Amino acid sequence: MSTVRLFYALWPSPQLAASLAQWAQAARPACGGRVMRTETLHLTLAFLGPVEAQLADTLAAATPGYGIAPGEVPLDHLGVFQRPRILWSGPRDTPPSLQAVHDDLWQRLAGYGLAKPPQPFRPHVTLLRNIEHAEPPPRLPADAADGARTPLIWRYDRLVLVASESLSGGSRYRIVAQSRPLDA
Ligand code: ATP
Ligand code: MG
């Protein structure tokens with residue numbers, strides 16, 4: 001039976017993605033590793049893994065109706081996941097509004113027999129993979145234009161459903177559906 005590897009995510013604006021890509025470049029000398037491509041940067045809300053093609057179609061059709069309350073995530077922290085050797089950026093503390101987006105989404109997904117993982121939600125954007133040092137940089141990267149080390153603010157108004165496709169050169173992401181902004 002054919003399956004599709006799916007996840008739900010927040011997708012950054014091109015401007016935010018460009019800022020995050022600068023952070024990744026700035027952190028690389030200290031961390032080593034591989035910079036993620038700008039067009040792949042995202043914040044995973046729910047990783048579904050392989051689902052049957054029919055369920056994938058059902059989810060894609062339902063996703064426009066999964067409107068979320070608009071909100072903001074401060075990207076004010078750099079962290080390391082030791083085992084997968086990832087440098088990430090995310091909020092130091094998960095905003096309750098984002099936690100609610102995650103929890104509400106999993107509640108919808110439970111209706112399709114999909115189970116929320118037992119681990120707590122740790123919102124993050126992967127910036128570098130295969131890092132060589134266990135510690136994240138102690139400070140946020142400096143802005144290329146003015147040198148300021150200020151958090152980035154992620155303003156979101158929708159979630160996206162993404163298919164993760166294996167190619168010989170690695171994974172490729174394809175946005176297959178997105179929720180309609182509630183205030184549109
Ligand atoms: P690859 O695994 O081929 O290196 P990838 O990790 O970019 O590529 P996926 O494994 O499809 O692609 O993952 C898609 C997104 O879901 C990524 O943000 C990834 O961190 C996240 N993810 C993957 N597996 C899990 C998991 N078991 N639990 C939570 N999130 C996951
Ligand atoms: Mg993976």
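Numbering of ligands and ligand atoms starts at 1, following listing order. Everything numeric here is computed off the predicted structure, so don't read it as measured data.
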Asker: If you count heavy atoms of other groups shown closer than 6.0 angstrom to CG of Asp146, is the number above 12?
Answerer: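 More than 12 heavy atoms, drawn from other residues, nucleotides or ligands, come within 6.0 Å of this atom.
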
Asker: With side chains defined as the heavy atoms from C-beta onward, is the minimum distance between Pro137 and Trp23 less than 4.5 Å?
Answerer: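 Answer no - side chains too far apart.
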
Asker: Have a look at ligand 1 and work out which part of Arg5, if any, has a heavy atom under 4.0 Å from it: side chain, backbone, both or neither.
Answerer: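 Side chain only.
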
Asker: What residue and heavy atom of the protein are closest to atom 8 (O) of ligand 1, and at what distance?
Answerer: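 Checking every protein heavy atom, the shortest distance to atom 8 (O) of ligand 1 gives Ser171 OG, 3.0 Å.
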
Asker: Please list the nearest protein heavy atom to atom 6 (O) of ligand 1 with its residue and the distance rounded to 0.1 Å.
Answerer: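 Minimum-distance protein heavy atom for atom 6 (O) of ligand 1 reads Arg129 NH2, 2.9 Å.
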
Asker: Does either side chain, that of Thr40 or that of His42, offer a donor lying less than 3.5 Å from an acceptor on the other one?
Answerer: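 No, no side-chain donor-acceptor pair sits under 3.5 Å.
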
Asker: Ring-plane angle category for Phe7 and Trp11, please: parallel below 30°, perpendicular beyond 60°, tilted otherwise.
Answerer: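 If you compare the ring of Phe7 with that of Trp11, the planes turn out tilted.
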
Asker: Considering only heavy atoms from C-beta outward, does the side chain of Leu87 approach that of His133 to under 4.5 Å?
Answerer: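 Sidechains of His133 and Leu87: no contact.
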
Asker: Around atom 19 (C) of ligand 1, find the nearest protein heavy atom and jot down its residue, atom name and distance.
Answerer: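 I find the closest protein heavy atom is Thr44 OG1, 4.3 Å.
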
Asker: Could you list the atoms of ligand 1 found under 4.0 angstrom from a heavy atom of Tyr173?
Answerer: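 Listed by number with element: 5 (P), 7 (O), 12 (O).
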
Asker: Starting from atom 25 (C) of ligand 1, locate the nearest protein heavy atom and write down its residue, its atom name and how far away it is, to 0.1 Å.
Answerer: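 Looking at atom 25 (C) of ligand 1, the protein heavy atom closest to it is Phe47 CD2, 3.3 Å.
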
Asker: Looking only at distances, can you tell me whether any N or O atom of His124, backbone or side chain, sits closer than 3.5 Å to an N or O atom of ligand 1?
Answerer: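 Between His124 and ligand 1 (N or O atoms, distance only) the closest approach is not under 3.5 Å.
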
Asker: Does atom CZ of Arg149 have more than 12 heavy-atom neighbours from other groups under 6.0 Å away?
Answerer: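 Buried by this count: over 12 neighbours within 6.0 Å.
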
Asker: By number and element, which atoms of ligand 1 are closer than 4.0 Å to a non-hydrogen atom of Ser164?
Answerer: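 That gives atoms 9 (P), 11 (O), 12 (O) of ligand 1.
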
Asker: Looking at every non-hydrogen atom in both residues, tell me the closest pair between Leu41 and Thr126 and how far apart they are.
Answerer: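 Residues Leu41 and Thr126, closest heavy atoms: CD2-O, 3.4 Å.
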
Asker: Please confirm whether His42 comes under 4.0 Å of ligand 1, counting heavy atoms of the residue only.
Answerer: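 His42: in contact with ligand 1 (<4.0 Å).
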
Asker: Of the backbone atoms (N, CA, C, O) and the side-chain heavy atoms from C-beta on, which set of Met36 has a member under 4.0 Å from an atom of ligand 1: side chain, backbone, both, or neither?
Answerer: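 Neither; no heavy atom under 4.0 Å.
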
